[in-house]
Protein chains: 2
Amino acid sequence: MLNIVTERMAVMSKRIAPAALAAMLGDAISRLGRRQRQARPVGELTQNQISVLTSLELGGALTPRELADAERVQPPTMTKVLARLEELGLLQRTPHPTDRRQVLLSATSAGHDIVVEQRRAKDEWLTRVLTRLTPAERQILCQAAEIMSRIAREGD
Amino acid sequence: MLNIVTERMAVMSKRIAPAALAAMLGDAISRLGRRQRQARPVGELTQNQISVLTSLELGGALTPRELADAERVQPPTMTKVLARLEELGLLQRTPHPTDRRQVLLSATSAGHDIVVEQRRAKDEWLTRVLTRLTPAERQILCQAAEIMSRIAREGD
DNA sequence: CCCATGTCGTTAGCCATGCTTATTAGCTAT
DNA sequence: ATAGCTAATAAGCATGGCTAACGACATGGG
């Protein structure tokens with residue numbers, strides 16, 4: 001284990017320009033994203049729908065506007081996704097307690113069950129691939145995932 | 001710098017299960033992918049169109065079927081993308097020398113120029129974000145990009 | 001040689017998801 | 001009270017996935 005760490009540190013000592021890294025990383029993200037998207041079974045929920053339901057599970061009841069901001073889409077786009085999810089019985093609306101313009105959204109229990117199952121199915125391919133990596137490689141990806149999540153959430 | 005390295009080593013010493021990593025990484029890829037997609041200026045080429053033109057530059061003249069396989073989409077989907085690219089004057093068709101069913105596609109010089117420019121623009125946001133990271137973080141992403149590209153290309 | 005079968009590309013038609021613009025309802029501050 | 005802001009939706013458009021079906025062509029067996 002120690003030699004793995006020192007080996008990684010040797011690799012880490014290489015410097016890389018942001019622009020070159022952006023090209024590499026952008027390409028890797030595109031390719032992996034496409035692989036992951038096509039791993040989704042036909043007729044099931046899309047990434048976006050899963051993401052919305054997940055946000056609702058994590059954040060409790062949210063308004064369409066809050067969801068649109070979280071998903072970084074325009075409000076009308078979110079309206080369509082919500083309509084589809086409601087039609088599927090995965091999401092329910094309740095009136096906002098103080099502002100009658102707003103609506104509070106929450107996942108139904110069916111929504112909760114399905115999102116758990118869908119996430120598992122979606123991650124299945126990636127999980128299988130990851131088991132074939134070395135522990136050191138997985139740790140790099142773990143750190144990278146943390147960094148990427150952070151910059152994806154940043155304002156600009 | 002040194003304390004950053006030791007801090008990272010502390011994180012690296014944590015083990016992580018492939019399934020949990022798949023969930024984290026999948027989420028990070030989705031989010032970053034969306035950010036990158038929306039960084040593309042309106043009216044410009046989409047990721048897919050750029051990817052097709054890039055394949056043509058790297059692979060020379062290819063048939064629609066070969067491109068569909070390379071992009072992992074169905075042939076009718078590729079037909080639409082090719083029609084759009086041809087309409088934009090970025091792509092040209094030549095008959096196949098021996099099989100009259102097939103068509104050979106190649107990028108025009110305008111196509112070549114535009115794909116280079118588009119890639120630069122697409123990477124601009126990511127480059128800007130990456131400059132704000134520490135060198136240690138960039139090195140982690142560099143290693144991660146290499147690993148992700150490798151697994152994205154794997155057969156299954 | 002001819003025909004059955006298969007392959008290539010395309011068309012048609014569906015759906016999801018993104019956008020802009022416009023509309024309706026309700027809040028808020030002057 | 002009302003003028004202006006904000007929330008959500010509706011309408012309309014483009015892109016990019018898919019399947020089904022079709023015409024043109026290639027190929028192999030009888």
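Values below: all heavy atoms of this structure, side chains included; hydrogens, waters and symmetry mates excluded.
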CZ of B:Arg100 versus C1' of C:dT7: gap in Å, rounded?
15 Å
Polar side-chain atom of A:Gln102 near backbone of A:Asp99 as donor-acceptor pair, under 3.5 Å:
no
Does a nitrogen or oxygen in the side chain of A:Gln49 sit under 4.0 Å from OP1 or OP2 of C:dT17?
yes
To the nearest Å, give me how far apart CG (A:Leu105) and C1' (D:dA7) are.
12 Å
Using a cut-off of less than 4.0 Å, is there contact between a side-chain N or O of B:Arg65 and OP1 or OP2 of C:dT10?
no
Closest nucleotide of DNA chain D for A:Met78 versus for B:Pro76: which of these residues is on the 5' side?
A:Met78
B:Asp99 CG to C:dG9 P, in whole Å, measures 8 Å
Whole angstroms only, please: what is the CZ-C1' distance between A:Arg93 and D:dA7?
12 Å
Backbone N or O of B:Val73 within a donor-acceptor pair of the B:Thr77 side chain at under 3.5 Å?
no
If I take atom CG in residue B:Leu104 and atom C1' in nucleotide C:dG9, what distance separates them, rounded to the nearest angstrom?
13 Å
Using whole Å, report how far CZ of B:Arg101 lies from C1' of D:dC22.
15 Å
Side-chain donor-acceptor contacts of residues 80-89 of chain A below 3.5 Å, not counting sequence neighbours, with atom names and distances?
{"residue": "A:Arg84", "atom": "NH1", "partner": "A:Glu87", "partner atom": "OE2", "Å": "3.0"}
{"residue": "A:Glu86", "atom": "OE1", "partner": "A:Arg93", "partner atom": "NH1", "Å": "2.6"}

OP1 or OP2 of C:dA16 less than 4.0 angstrom from a side-chain nitrogen or oxygen of A:Arg84, does that happen here?
yes
Has the side chain of B:Lys80 got a donor or acceptor atom sitting under 3.5 Å from an opposite partner on the base of C:dG9?
no
For DNA chain C, whose closest nucleotide is more 5', that of B:Val103 or that of A:Gln74?
B:Val103
Is B:Pro64 touching bases, backbone alone, or none of the nucleic acid, heavy atoms closer than 4.0 Å?
sugar-phosphate
Taking every non-hydrogen atom, the tightest pair across A:Glu71 and A:Ser55
OE2-OG, 3.4 Å
Any side-chain N or O of A:Thr77 under 4.0 Å from OP1/OP2 of C:dG18?
no
Measure the distance from CD on A:Gln102 to P on C:dC27 and round it to the nearest whole Å.
9 Å
Atom CG of B:Leu67 to atom P of C:dG9: distance rounded to whole Å?
9 Å
Is a side-chain donor or acceptor of B:Arg138 paired with a backbone partner of A:Pro18 at a separation under 3.5 angstrom?
no
